[in-house]
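Report on the structure given below.
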Protein chains: 2
Amino acid sequence: MKPFRLSTLVVALLASTAVNASWAAGAPKPSAAASDSQTWRDVSPDNLALIETKYGTVAVELAPEFAPRHVARVRKLLRAHFYDGLTFYRVIDGFVAQGGADQDTSATADAPVNPEILKKWPRMKAEFDTTLPQSAVFIPLGNPDLVAPEVGFVNGFPAGRDPKDGKAWIVQCPGVFAFARDNAEDTATTEFYIVIGEAPRRLDRNLTAFGRVLSGMQYLQKLNRGNPDVDSGVIQDVSQRDPILHMTLASDLPEKERPHYQVMRTGSAAFAKLLDGKRRPAPEFYHRPEGFPNLDICGVSAPVRKLVP
Amino acid sequence: MKPFRLSTLVVALLASTAVNASWAAGAPKPSAAASDSQTWRDVSPDNLALIETKYGTVAVELAPEFAPRHVARVRKLLRAHFYDGLTFYRVIDGFVAQGGADQDTSATADAPVNPEILKKWPRMKAEFDTTLPQSAVFIPLGNPDLVAPEVGFVNGFPAGRDPKDGKAWIVQCPGVFAFARDNAEDTATTEFYIVIGEAPRRLDRNLTAFGRVLSGMQYLQKLNRGNPDVDSGVIQDVSQRDPILHMTLASDLPEKERPHYQVMRTGSAAFAKLLDGKRRPAPEFYHRPEGFPNLDICGVSAPVRKLVP
């Protein structure tokens, strides 16, 4: 294996375009601790959902700053072990992996919602967008977007913002975690989906997005797919649906068993440098002198690392 | 299973954002044959590469109108069974799956190219962009792009175009097939990659892209991944690299064994209607009255169908 090749440059510059591609294991050096905390923030175990599949564990950071009601609901669902043993019942390649009960919980009037589930987990008021708390700083990407008036990052989450009403929302990039719903706005109950393909931006502000995958996208990509032309991609042969073995909030685990993730602060100098590197990639390999001044908000993601105790 | 649910609408409107999501099996009705040929074109078996993996077969349409030298090279490689038994040795989640010999064929001066391979398959002049033949009509998407001066479709391939020099190129969307190279422009020999994540647009016009996946993206998504932080994502444990069982040109198969694909003509009224539907999705589900006037060139793909003999 030679140390330097095509791939070296491409990866060095493109790694963080992929969800989780900037993942790096290993604790930071103690000597770097001070500046390190300016660059990295800890993920709270109260915001860390762990989805155990047979291929591996998917770590999702929840974003209460965008959708407090939905985050509170998911925490309750996880504490009740609601998802354990349920499945990814609707998986469409290039689009979404949807998990939950598939017990009419996302049905319309034609297909009444399972009354037992609805009683315990009533329909929620949508949180498609929000007025962010002052502590949640919006860091602009610095270039236009095709869909949103403005795009940027809030605590590592890809975000849109509308100067007209001041509202912000999570952009539906690969790895984004959201709740499914019926036709009416305020109908989400328990079913979630994770985006697994090119950002389906038409879902922006039309569904409540409130998290993103920090690691384990590759396991979602292994999930069995449905046929999008049959029953909207719902996998007809129930035995072919990949199970959700467990879905747990990290804070419900014994402290020793909690994984410790950090996300690069999207307001840090390190992140600004990363964006700059993407706009002007290494000229040894990239032969377009004009560079790439406009980035896709879903083509850059805040790096993530897992600390080893 | 209820016939109507959240998923119905989302899928109906989003299906073709996913590579291959608009796949539909079954021959067209004879009565519809006339208008049908205005909407669909046959994929030539000379342009159809079939990559057999252990998860399933990936069908790639080659685009000689964009890169005749590279298409000629791939046809020769397939006829020589070059790839059979080689592997996907570098797979980075959210970015690319790279296949071939991994025998220094894409190495730099530090790592000389395998002389045996180089002798047989010399470095090629790059075809990053081209002046399209008159028969290859560029159909504009109809909205701006973040990277290219103009984007649209040519024979179903997502394309960029520069009015300054009239050149066109395939945009590096999910499913796009291209050749890897070294730092210098004219160094591609045999190694290919397929985009498996959010479009890495910085590769546009920097690598020779000359095909796209018509079906089987979900099999590429199952490939074992490398660690992007180690040797650029090259899978270190050789036993973990998923094999390319066979890679064949359809025209090299007996006529009876050739799969018959059709691609929706991107100049057809049906495709224009599809784009329109994406800009103004069903208001029963999508509650943003302004719609989505600007589409991502990589978020819409020309529908594909496979005819059953």
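Numbered from 1 within each chain, the chains take letters A, B, ... in sequence-line order.
For the set Asp296(B), Leu223(B), Asp204(B), Asn143(B), the entry with the most heavy-atom pairs within less than 4.5 Å of chain A is Asp296(B). For the set Ile196(A), Leu146(A), Asn294(A), the count of heavy-atom pairs under 4.5 angstrom toward chain B peaks at Leu146(A). Among Lys222(B), Arg288(B), Glu290(B), the residue making the largest number of heavy-atom pairs under 4.5 Å with chain A is Arg288(B).
With Gln236(B) contributing its side chain and Val234(B) its backbone, the two residues share a donor-acceptor pair below 3.5 Å.
Of the atoms belonging to Leu220(A), not a single heavy atom falls under 4.5 Å from chain B.
Geometrically, Arg225(A) does not engage Tyr219(B) in a cation-pi contact defined by less than 6.0 Å to the ring centre and at most 45° from the axis. Annotation: cation-pi geometry not satisfied between Arg202(B) and Phe285(A) (NZ/CZ under 6.0 angstrom from ring centroid, within 45° of ring axis).
For the residue pair Tyr89(A) / Gln240(A), no side-chain donor-acceptor distance below 3.5 Å is found, with atom types taken as modelled.
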